[in-house]
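Have a look at the structure below before the remarks.
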2 protein chains.
Amino acid sequence: MSRAGLSPEVVTTVAADLADEVGFAQVTLSAIARRVGVRLPSLYSHVAGSEDLRVRVTLLALEELTTAGEQALAGRSGREALRAFADLHRTYAAQHPGRYEAAGSLRVPASPEAARLAERMGGLTDAVLDGYAVPPEERVHAVRVVGSLLRGFIQLEAGGAFEHSRPSGEESWHRALDALDALLGSWPG
Amino acid sequence: MSRAGLSPEVVTTVAADLADEVGFAQVTLSAIARRVGVRLPSLYSHVAGSEDLRVRVTLLALEELTTAGEQALAGRSGREALRAFADLHRTYAAQHPGRYEAAGSLRVPASPEAARLAERMGGLTDAVLDGYAVPPEERVHAVRVVGSLLRGFIQLEAGGAFEHSRPSGEESWHRALDALDALLGSWPG
DNA sequence: TACGTTGCCTAATACCCTTAGGCAAGTCGT
DNA sequence: ACGACTTGCCTAAGGGTATTAGGCAACGTA
């Protein structure tokens, strides 16, 4: 009986891929075991259980998004940075719906890894805002508004809210980004 | 053996209450059966199954939100209407997290009831925008941006994103509404 | 090569969801 | 008021997922 060569990372990646295919909520240990060719209980050698696996997928997605964000923002600022950051998230959500869903779940337990990620994500939002003249004490609010709009739009679009009405989401997306740019350009109003 | 006096409406309401207490994803037919004092299979006389129940809870939440919206918006327009509409959703989400989660699930199957709700919800957003001079062909985009920001903010707040950082979400909420008001007041740019 | 570690297995338990079939409590026609 | 029909609730049974316990064999290492 040869071994399957599993590891926490492999199991997590398979789970993330499965989430992209059938939805994060439909990810099941049974399905993963079938896919990698082992019996269900064998997975417990690599992950602590169903909930642990969900957290791992969430952290994986956040890490991928953050890394991609750091690359996308390199050398950009202001409107350019905002657009790159926003488009990155929208594209990631479209290509990896399950991962994005996981990333949006929030509520990961505190851990060194989670803290490091939060730090890096903070750096990203700082980089975006650095191109705008938002007063220091207003930055928190600006970050929250930007995050809210992006997240809300992407989720509505992913949920099919714009599917059966004209015009397409694409045009609204550009309006939303223009609105955000104008907003940040004249913050706080 | 006396009867429990159940009905689709009662089961749905119990499910919604349970969702508010433990989260929409944790709502289970077993738990509902225990709560109303019947055996699990008895519920199948009232709902078609687990998925059917979820849809019913979603429609219940959307209906409650819409009805409350119609009352909150009566006699208001412009900034007043926007604020009433936004605060209503935020308050509803805080008081009925499970219901709000259900309402945000989207993707309810097409039905006469769903169509009626969509119609009424469209009327609400129209009422909010009527106080602003948004060009007719731009209304769709404005509605989407407003919806995205509100939804995103409320979800981030519900997910605890603002919990461990100052200032509180309350202040950011006011900034967000001011930003939306300014945005709609000078749409498209 | 012998040893300890560990990856994977079978077995067993505990939910949850769903369908089938039966009984009796309501409801309705006469 | 009585019988017949409808239906709300029940038990029984089967299938899926999650988790734990305990065993065996494949690997890394002395």
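Chain letters run A, B, ... following the sequence lines, proteins first, then strands; residues in each count from 1.
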Rounded to whole angstroms, how far apart are [atom1] on [X] and [atom2] on [N]?
X       : N      : atom1 : atom2 : value
B:Leu43 : C:dA20 : CG    : C1'   : 17 Å
A:Tyr44 : D:dT19 : OH    : C1'   : 5 Å
B:Ile32 : C:dC16 : CD1   : C1'   : 12 Å
B:Leu40 : C:dT19 : CG    : P     : 12 Å
A:Asp52 : D:dT17 : CG    : P     : 20 Å
B:Leu29 : D:dT17 : CG    : P     : 17 Å

Inset, instruction - Provide the closest heavy-atom pair for A:Leu73 versus A:Leu124 in the form atom of the first, atom of the second, distance. - result: CD2-O, 3.6 Å
Legend entry - Closest non-hydrogen atom pair between B:Leu177 and B:Asp87, with its separation: CD1-OD1, 4.2 Å
Under 4.0 Å from OP1 or OP2 of [N]: is there any side-chain N or O of [X] that close?
X       : N      : result
B:Ser30 : C:dC15 : no
A:Arg39 : D:dT17 : no
B:Ser50 : C:dC16 : no

Legend entry - B:Arg90/B:Glu170 ion pair, N-O < 4.0 Å: yes
Inset, instruction - State whether B:Asp178 and B:Arg83 are salt-bridged, where the test is any N-O pair (Lys NZ or Arg NE/NH1/NH2 against Asp/Glu carboxylate O) under 4.0 Å. - result: no
Legend entry - Worked check of side-chain contact (heavy atoms from CB on, under 4.5 Å) between A:Arg99 and A:Thr58: CA-CA 7 Å; A:Arg99 281 168 158 91; A:Thr58 298; over 6 Å; no
Identify each atom pair where a protein N or O and an N or O of nucleotides 6-8 of chain D are less than 3.5 Å apart, giving names and distance.
{"residue": "D:dT7", "atom": "O2", "partner": "B:Arg3", "partner atom": "NH2", "Å": "3.3"}
{"residue": "D:dG8", "atom": "O4'", "partner": "B:Arg3", "partner atom": "NH1", "Å": "2.6"}

Inset, instruction - Might you confirm whether atom CD of B:Glu119 has over 12 heavy atoms from other residues, nucleotides or ligands at distances under 6.0 Å? - result: no
Legend entry - Test item: side-chain donor near acceptor, B:Thr67 and B:Glu63, under 3.5 Å: yes
Legend entry - Stepwise side-chain contact (heavy atoms from CB on, under 4.5 Å) check, A:Leu156 with B:Ser148: CA-CA 7 Å; A:Leu156 280 177; B:Ser148 296; 3.6 Å; yes
Legend entry - Bend angle of the helix from C:dT1-D:dA30 to C:dT30-D:dA1, from helix axes over five pairs at each end, nearest 10°: 10°
Legend entry - Over-ring placement of A:Arg144 relative to B:Phe153, 6.0 Å and 45° cut-offs: no
